[in-house]
Amino acid sequence: MLDIKLIREQTDLVRQRLTSRNGGDEKFVDEILSLDELRRKLLTEVEQLKAQRNKVSKEIGALMGQKKFDDAEAKKKETREIGDRIVELDQRVAEAEQKLHHTLIALPNLPNESVPAGKSAEDNPFIRSHGEKPDFAFKPKSHVDICEQLKLIDFARAAKLSGSGFLLYTNWGARLERALIQFLLDLHTTDHDYTEVSPPFVVGPQCLEGVGQFPKFKDQYYGLAVGDDQNELGKLYLIPTAETPVANIHREEILAEKQLPIKYCAYSPCFRGEAGAAGVGTRGMIRVHQFDKVELIKIVKPEQGYDELEKMVANAERVLQLLGLHYKVILLCTGDMGFASAKTYDIEVWAPGQGSYLEVSSCSNCEDFQSRRMGMRFKTDAGENKFPHILNGSGTALARLFVALLETHQQPDGSVLIPPALQPYLKTDRIHA
RNA sequence: GGAGAGAUGGCUGAGUGGCCGAAAGCGCAGGUUUGCUAAACCUGUGAAGGAGUAAUCCUUCCGAGGGUUCGAAUCCCUCUCUCUCCGCCA
């Protein structure tokens with residue numbers, strides 16, 4: 001959520017930054033300003049009336065104490081009208097506030113000044129890469145073929161259980177998935193100093209709203225009900241990422257400055273409805289309704305937000321380096337960024353069998369956009385309450401990492417070599433048929 | 001799911017319609033004194049939002065939301081959560 005004061009005081013800047021996103025949201029600015037003005041006008045008026053009523057009520061109390069009942073009655077009459085007026089004004093304030101909130105909550109974050117302008121993914125600048133595309137003496141197979149030959153994933157039976165877009169990992173496939181999760185968590189807790197948490201995989205709507213997944217993208221997530229009770233729908237949702245519960249851990253809290261920075265990492269499965277995504281490019285593991293991910297979350301002082309973002313990207317890159325994978329880092333332009341983000345780096349890993357790069361990590365600084373929505377603040381040593389920056393990054397997504405790993409390390413004989421960093425977890429240096 | 005109890009400031013805990021934003025204790029901060037890794041005593045000490053250069057002022061807050069009233073921590077209704085016991089369950 002944007003700071004209403006910023007919209008009020010630097011309207012042109014806000015309008016210009018919203019325009020740079022190409023979402024057409026700048027058209028709401030005028031509406032917001034007039035609602036804000038109305039709200040403040042009504043609030044001033046009603047607060048004055050309340051002050052008056054409080055004063056007279058105290059006087060009535062004093063008169064009753066002195067048994068001057070007639071005087072008290074006279075004052076009661078006078079105050080009753082004020083009360084009616086307060087009720088009416090309170091309603092109008094609430095109405096204005098609701099409308100304002102409704103509009104404000106649907107507005108995306110402003111891109112940071114360092115983010116290049118652009119319309120789409122075409123305009124995302126390349127930042128750096130690591131390693132090279134591997135040479136193969138044979139035509140590298142797709143992970144789908146590798147998985148079928150090595151019996152790592154049973155696509156057909158997964159569909160039988162849950163429909164398309166779900167995976168049944170089997171034998172070494174399941175063990176590889178588990179080894180990767182363990183490897184990632186160990187790396188980030190031990191080497192990168194994140195605190196591991198294991199959150200609920202089901203959350204209330206306030207958490208989705210807090211990170212910016214609601215209300216605009218509501219149709220992308222799985223809603224739950226107990227039994228067939230329709231009244232239950234809307235109370236709980238499957239998480240689309242561990243960001244949803246973990247970023248919300250300190251919602252509605254005022255943290256002490258010395259608690260910051262907070263660094264969490266968490267494994268969770270991620271559930272994505274992805275309505276309308278079926279069709280092209282959905283075969284295999286690249287776009288599925290459920291996948292595993294290890295997520296990184298930071299809550300930091302605003303002045304440290306962007307340094308911490310760079311470090312977070314480096315933490316995610318380290319994963320790919322240790323697994324011997326070629327990747328590139330790109331910066332998302334203003335037109336391609338997510339709703340809540342002020343600046344986002346994507347990490348794309350090379351998948352030889354696909355002949356393309358796959359997004360395995362997205363690291364964003366959402367600045368105070370989410371902390372405002374959640375009411376999460378920290379008290380400075382000077383006693384001032386401020387909104388912290390909240391960062392999130394994949395460290396990394398598993399299904400696509402699994403794909404890149406198999407396709408990169410596949411051998412002419414059909415086996416797959418396991419990189420040294422992963423061997424202690426999988427307890428083998430090779431998977432073969 | 002059934003029965004009961006409860007939710008008050010950083011914590012414990014009083015408060016059943018009017019100087020209650022809230023007693024008392026603990027904690028915390030400052031001070032005095034004795035003098036020694038501490039005690040005693042005194043003073044101060046809730047939060048959020050807003051206006052103002054500031055002193056200061058206003059509004060709101062006793063789990064949440066409604067209601068009654070001139071006035072609600074206190075009375076009424078609804079909801080949520082916590083605890084104990086029972087049932088069911090990985």
Side-chain angles (χ1 to χ4, degrees), chain A residues 1-9 32-33 35-98 100-102 104 198-210 224-229 231-238 245 248-259 268-269 368 371-388:
Chain A
M1 186 151 57
L2 299 181
D3 184 359
I4 186 69
K5 274 191 202 157
L6 186 76
I7 301 178
R8 208 186 286 152
E9 287 159 18
I32 286 168
L33 284 176
L35 281 169
D36 176 51
E37 201 178 329
L38 175 68
R39 186 191 73 96
R40 285 189 300 151
K41 192 185 132 240
L42 293 171
L43 205 58
T44 313
E45 199 177 334
V46 77
E47 283 191 357
Q48 278 167 2
L49 287 174
K50 281 180 180 174
Q52 196 182 335
R53 182 182 66 181
N54 288 343
K55 193 168 145 251
V56 178
S57 284
K58 281 199 173 176
E59 287 168 12
I60 293 174
L63 289 171
M64 301 283 274
Q66 296 161 28
K67 305 212 187 292
K68 295 181 179 169
F69 298 116
D70 289 348
D71 292 352
E73 281 303 321
K75 286 210 184 263
K76 278 190 195 180
K77 227 174 232 175
E78 175 190 323
T79 321
R80 202 162 321 185
E81 284 166 31
I82 298 178
D84 292 345
R85 185 109 180 86
I86 288 173
V87 169
E88 188 211 324
L89 282 171
D90 266 343
Q91 270 168 8
R92 291 179 61 195
V93 169
E95 205 178 301
E97 254 165 14
Q98 211 175 358
L100 184 62
H101 183 258
H102 184 79
L104 220 44
S198 179
F201 301 154
V202 169
V203 294
Q206 75 280 10
C207 292
L208 289 138
E209 185 176 296
L224 295 178
V226 179
D228 292 328
D229 188 350
N231 296 325
E232 296 277 323
L233 282 171
K235 290 184 180 170
L236 287 172
Y237 295 84
L238 289 178
N248 276 287
I249 287 175
H250 300 289
R251 74 184 343 264
E252 290 152 52
E253 289 183 25
I254 299 177
L255 301 160
E257 181 167 3
K258 64 173 191 294
Q259 285 177 268
S268 87
D368 58 6
S371 51
R372 250 173 230 291
R373 290 177 159 241
M374 298 172 189
M376 181 199 299
R377 286 166 291 178
F378 72 98
K379 193 180 281 296
T380 63
D381 295 335
E384 193 187 355
N385 290 336
K386 293 171 95 169
F387 292 99

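Each chain gets a letter, A, B and so on, in the order its sequence line appears, and its residues count up from 1. Note that the coordinates shown come from a computational prediction; the quantities given were computed from them, not determined experimentally.
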key: A:Arg373 side-chain N/O to A:Glu209 backbone N/O, donor-acceptor pair under 3.5 Å   =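 Flag set: sc A:Arg373 to bb A:Glu209 pair under 3.5 Å.
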request  = Using the test ring pair (Phe, Tyr, Trp, His ring centres under 6.0 Å), find all partners of A:Tyr237 that sit at least two apart in sequence or belong to another chain.
outcome  =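 By the ring pair (Phe, Tyr, Trp, His ring centres under 6.0 Å) rule, A:Tyr237 matches A:Phe214.
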Inter-nucleotide [atom1] distance ([N], [M]), Å rounded:
| N | M | atom1 | value |
| --- | --- | --- | --- |
| B:C88 | B:G2 | P | 15 Å |
| B:A14 | B:A7 | P | 9 Å |
| B:A22 | B:G44 | P | 14 Å |
| B:A54 | B:U60 | P | 23 Å |
| B:U78 | B:A23 | P | 32 Å |
| B:C61 | B:A73 | P | 7 Å |
| B:U74 | B:G4 | C1' | 24 Å |
| B:C62 | B:A48 | P | 16 Å |

query = Under the side-chain contact (heavy atoms from CB on, under 4.5 Å) test, which residues partner A:Leu6, sequence neighbours left out?
reply = A:Asp3, A:Gln10, A:Val14, A:Leu110
request  = State which residues pass side-chain contact (heavy atoms from CB on, under 4.5 Å) with A:Gln91; sequence neighbours excluded, sorted by chain then number.
outcome  = A:Val87
task = Sequence neighbours left out, what passes salt bridge (charged side-chain N to carboxylate O under 4.0 Å, His left out) with A:Glu253? Give chain and number order.
result = none
request  = Using the test salt bridge (charged side-chain N to carboxylate O under 4.0 Å, His left out), find all partners of A:Arg8 that sit at least two apart in sequence or belong to another chain.
outcome  = A:Asp36
Listed partners of [X] passing side-chain hydrogen bond (donor to acceptor under 3.5 Å, both in side chains), at least two apart:
| X | answer |
| --- | --- |
| A:Asp71 | none |
| A:Gln259 | none |
| A:Asn54 | none |

task = Run the salt-bridge test on A:Glu88 and A:Arg85 with the 4.0 Å N-O cut-off and return the result as yes or no.
result =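 Salt bridge between A:Glu88 and A:Arg85, a charged N being under 4.0 Å from a carboxylate O: yes.
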inquiry  = How would you summarise protein contacts on nucleotides 47-61 of chain B per nucleotide, using B for base, S for sugar-phosphate only and - for none, with heavy-atom distances below 4.0 Å?
reply    = -SSS-------SSS-
request  = Test side chain to side chain contact (heavy atoms under 4.5 Å, CB included) on A:Val203 and A:Leu236 and set out the steps.
outcome  = CA-CA 5 Å; A:Val203 294; A:Leu236 287 172; 5.9 Å; no
key: For RNA chain B, the residues among residues 78-86 of chain A that have a non-hydrogen atom under 4.0 Å from it   =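 Those residues whose heavy atoms fall under 4.0 Å from RNA chain B, taken from residues 78-86 of chain A in numerical order, are A:Thr79, A:Arg80.
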Under 3.5 Å, N/O pairs linking protein and nucleotides 18-21 of chain B:
unit_1 : atom_1 : unit_2  : atom_2 : d
B:G18  : N2     : A:Ser57 : O      : 3.0

Starting at [atom1] of [X] and ending at [atom2] of [N], how long is that distance when rounded to a whole Å?
| X | N | atom1 | atom2 | answer |
| --- | --- | --- | --- | --- |
| A:Gln91 | B:G65 | CD | P | 16 Å |
| A:Asp70 | B:C70 | CG | C1' | 15 Å |
| A:Glu252 | B:U80 | CD | C1' | 13 Å |

task = Return the stems involving RNA chain B, sorted by first number, where pairs are Watson-Crick (N1-N3 with N6-O4 or O6-N4) or G-U wobble (N1-O2 and O6-N3), both under 3.5 Å, and runs are 3 or more long.
result =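 Stems found: B:1-7 with B:80-86, B:10-12 with B:24-26, B:27-32 with B:40-45, B:46-51 with B:56-61, B:63-67 with B:75-79.
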message = Show, in sequence, the C-alpha distance, side-chain angles and deciding distance for A:Ile7 and A:Leu104, and conclude whether the side chain to side chain contact (heavy atoms under 4.5 Å, CB included) test is met.
response = CA-CA 10 Å; A:Ile7 301 178; A:Leu104 220 44; 3.7 Å; yes
query = Heavy-atom count around A:Glu78 CD within 6.0 Å, excluding the residue itself: above 12?
reply = yes
key: Name of the residue among A:Lys76, A:Lys75, A:Lys77 meeting salt bridge (Lys or Arg N to Asp or Glu O under 4.0 Å) with A:Glu73   =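 When A:Lys76, A:Lys75, A:Lys77 are each tested with A:Glu73, the salt bridge (Lys or Arg N to Asp or Glu O under 4.0 Å) holds only for A:Lys76.
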